[in-house]
Number of protein chains: 2
Amino acid sequence: MKQTISKPARERLIQLARLLEHIENDSRQFITSSEIQNLTGWSSYTIRRDISHLKTECSTKAGYDIVLLKNAIGAELGITEGVKKCCIVGLGKLGSALIDFDFGKSYKIVAGFDSSVNRTEILTAPFPLYPTGQMQNVIKQEGIELAILAVPGKVAQDVATKLAGFGIKGIVNYTSAILSVGEDAIVENISLIDALQKIASLHAKN
Amino acid sequence: MKQTISKPARERLIQLARLLEHIENDSRQFITSSEIQNLTGWSSYTIRRDISHLKTECSTKAGYDIVLLKNAIGAELGITEGVKKCCIVGLGKLGSALIDFDFGKSYKIVAGFDSSVNRTEILTAPFPLYPTGQMQNVIKQEGIELAILAVPGKVAQDVATKLAGFGIKGIVNYTSAILSVGEDAIVENISLIDALQKIASLHAKN
DNA sequence: CTTTGTGAAGCTATTCACAGCG
DNA sequence: CGCTGTGAATAGCTTCACAAAG
């Protein structure tokens with residue numbers, strides 16, 4: 001079986017790909033593992049091993065070819081494979097702030113949902129907004145794979161369970177709730193309070 | 001030397017504390033490690049070991065005392081130690097959406113910054129808004145420890161470097177930039193695109 | 001001489017298995 | 001019995017040290 005890349009390595013490679021994108025236009029062609037170390041803080045050993053998982057020849061005496069490396073990561077991690085359809089669930093302050101967010105080429109918001117019809121009528125977006133009742137239909141019809149969850153914490157688990165039932169494959173969780181969904185869906189937590197507490201706990205220990 | 005809790009364990013405990021807070025009012029006193037397993041997906045072994053690091057007696061035959069456990073986590077991770085002052089840097093769509101966010105008791109936003117004076121004058125918030133030029137003064141004077149970074153990606157690294165120079169101890173990075181700051185500051189990344197790509201890469205491999 | 005790529009070692013985290021306690 | 005707590009075993013990740021290549 002094809003050797004699967006470990007989770008930490010995958011996460012670093014995803015970040016690395018974005019980093020490379022940013023420096024792509026700096027008119028440099030190559031980057032070395034120790035330069036990446038300086039930019040990211042990861043050790044050059046780790047970076048070299050991560051890249052070696054890609055099984056691609058994109059290195060020379062001068063380091064890695066920036067564009068080639070970026071493409072290799074994209075290919076291996078399936079980042080560049082077409083456009084994934086997403087929806088925003090919950091259009092309060094946070095959800096509606098994401099309406100104009102730049103999602104790049106690989107992800108496209110095709111729907112927004114809110115329990116308040118008032119909300120869906122007042123807001124304007126480059127994609128249609130629906131009341132929550134239509135989630136199932138729209139998700140099925142559009143073939144939406146990913147959901148960005150920005151509802152109030154109290155209803156987050158309920159909505160997440162529904163989304164998983166409707167065939168959503170991944171949920172980006174902006175709420176402070178800890179979600180459990182079945183095997184079929186993946187949850188990625190993006191909690192501001194979590195992040196603050198991680199930082200605080202590190203300071204407390206040292 | 002005091003045995004330090006590993007990073008993964010710390011992150012789980014932080015989430016666990018919040019989970020316990022949510023179920024605190026469900027009129028139950030105890031919870032078992034296998035119930036936590038069902039709610040979170042972490043194995044009961046791991047949960048028991050995590051809790052054992054707290055060196056607290058909060059268990060009985062019926063499981064863990066919910067309130068006692070929550071407090072023990074808070075104490076060990078320094079989550080409950082007073083109020084930490086935070087600021088929001090960058091008051092665009094995303095930054096200003098965080099103005100009304102509920103930060104709980106432990107974190108308090110005491111300032112917002114934006115490079116556009118226009119922006120700081122138009123917006124209203126329960127804390128003062130300043131032009132970026134005043135960052136250093138305000139951070140020093142107020143004793144602000146944490147920053148929430150929501151500026152455009154292109155200037156993120158510059159601003160982060162400045163913040164670290166001004167004595168900020170932790171940055172929650174909402175931008176898509178990969179930041180490197182010195183040893184003194186900690187960065188926690190909260191990138192929507194990162195989250196989407198993590199999910200996508202998992203689907204690609206399985 | 002510099003930089004990658006990688007077996008081997010070292011370290012960290014998770015899981016197993018079971019003793020101990022209520 | 002069911003539950004926690006924990007040594008011991010296992011698995012997973014990172015670092016080291018160095019061979020190979022430009």
Side-chain angles (χ1 to χ4, degrees), chain A residues 1-16 20 28-73 76-77 198 201-202 205-206, chain B residues 1-16 20 28-73 76-77 198 201-202 205-206:
Chain A
M1 177 231 171
K2 207 212 269 182
Q3 143 94 8
T4 156
I5 301 178
S6 73
K7 191 169 128 114
R10 255 199 333 265
E11 301 192 351
R12 281 189 300 267
L13 286 170
I14 288 170
Q15 296 210 134
L16 178 56
L20 294 173
R28 317 183 43 215
Q29 191 179 354
F30 298 108
I31 191 165
T32 67
S33 55
S34 27
E35 285 175 301
I36 299 174
Q37 172 170 30
N38 292 334
L39 289 168
T40 61
W42 312 320
S43 88
S44 67
Y45 311 122
T46 301
I47 293 158
R48 289 208 301 276
R49 192 165 299 274
D50 288 351
I51 293 174
S52 79
H53 289 137
L54 301 175
K55 300 266 191 288
T56 324
E57 245 337 313
C58 48
S59 70
T60 65
K61 58 176 180 213
Y64 301 96
D65 183 295
I66 293 176
V67 175
L68 254 48
L69 179 54
K70 195 196 66 183
N71 293 341
I73 296 172
E76 179 64 28
L77 299 186
K198 279 184 206 172
S201 80
L202 276 170
K205 295 309 296 177
N206 304 332
Chain B
M1 176 231 174
K2 207 210 270 183
Q3 146 92 11
T4 156
I5 300 177
S6 73
K7 191 167 129 110
R10 254 198 336 264
E11 300 192 351
R12 282 190 300 267
L13 286 170
I14 287 169
Q15 296 210 136
L16 179 56
L20 294 172
R28 318 183 43 215
Q29 190 178 355
F30 299 108
I31 191 165
T32 66
S33 56
S34 26
E35 285 175 301
I36 298 174
Q37 171 169 28
N38 292 334
L39 288 168
T40 60
W42 313 321
S43 87
S44 66
Y45 312 123
T46 301
I47 294 158
R48 289 207 300 277
R49 190 161 306 270
D50 288 351
I51 293 174
S52 80
H53 289 136
L54 302 175
K55 300 268 192 287
T56 326
E57 244 338 310
C58 50
S59 70
T60 65
K61 59 180 177 203
Y64 301 96
D65 183 297
I66 292 176
V67 175
L68 253 50
L69 178 54
K70 196 196 66 183
N71 293 342
I73 296 172
E76 180 64 29
L77 298 186
K198 280 184 205 171
S201 80
L202 276 171
K205 294 309 295 175
N206 304 329

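Quantities reported herein were computed from a predicted structural model and do not represent experimental measurements. In what follows, chains are A, B, ... by sequence order, proteins preceding strands, each numbered from 1.
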From C-beta outward on [X], which listed nucleotide comes closest to its side chain: [options]?
| X | options | value |
| --- | --- | --- |
| S33(A) | dT4(C), dT15(D), dG5(C) | dT4(C) |
| Y45(B) | dG5(C), dT15(C), dA13(C) | dT15(C) |
| T32(B) | dT6(D), dT6(C), dC3(D) | dC3(D) |
| S6(A) | dC13(D), dT4(C), dT14(C) | dC13(D) |
| Y64(A) | dT6(D), dT4(C), dT14(C) | dT4(C) |
| P8(A) | dT14(D), dT15(C), dT4(D) | dT14(D) |
| I51(A) | dG5(C), dT14(C), dA17(C) | dG5(C) |

Could you tell me how far apart [X] ([atom1]) and [N] ([atom2]) are, to the nearest whole angstrom?
| X | N | atom1 | atom2 | result |
| --- | --- | --- | --- | --- |
| I47(A) | dC16(D) | CD1 | P | 13 Å |
| L54(B) | dT6(D) | CG | P | 12 Å |
| K7(B) | dA13(C) | NZ | P | 11 Å |
| E11(B) | dA13(C) | CD | C1' | 13 Å |
| R10(A) | dC13(D) | CZ | C1' | 14 Å |
| I36(B) | dC3(D) | CD1 | P | 12 Å |
| I66(A) | dT3(C) | CD1 | C1' | 15 Å |
| Q37(B) | dC16(C) | CD | C1' | 14 Å |

Atom pair [atom1]/[atom2] of [X] and [Y] - distance to nearest 0.5 Å:
| X | Y | atom1 | atom2 | result |
| --- | --- | --- | --- | --- |
| T60(B) | Q29(B) | OG1 | CD | 8.0 Å |
| I47(B) | E35(B) | CD1 | CD | 10.5 Å |
| S44(B) | R49(B) | OG | CZ | 11.5 Å |
| I5(A) | S52(A) | CD1 | OG | 9.0 Å |
| I14(A) | R10(A) | CD1 | CZ | 7.0 Å |

T46(A) side chain N/O closer than 4.0 Å to the phosphate oxygens (OP1, OP2) of dT15(D)?
yes

Please tell me if S43(B) has a side-chain N or O lying less than 4.0 Å from either OP1 or OP2 of dT15(C).
yes

Select from D50(A) and T60(A) the residue whose nearest nucleotide in DNA chain D is closer to the 5' end of that strand.
D50(A)

Earlier contact from the 5' end, DNA chain D, for W42(A) and R48(B):
R48(B)

Is R49(A) side chain donor-acceptor paired with the dT15(D) base, going by distance under 3.5 Å alone?
yes

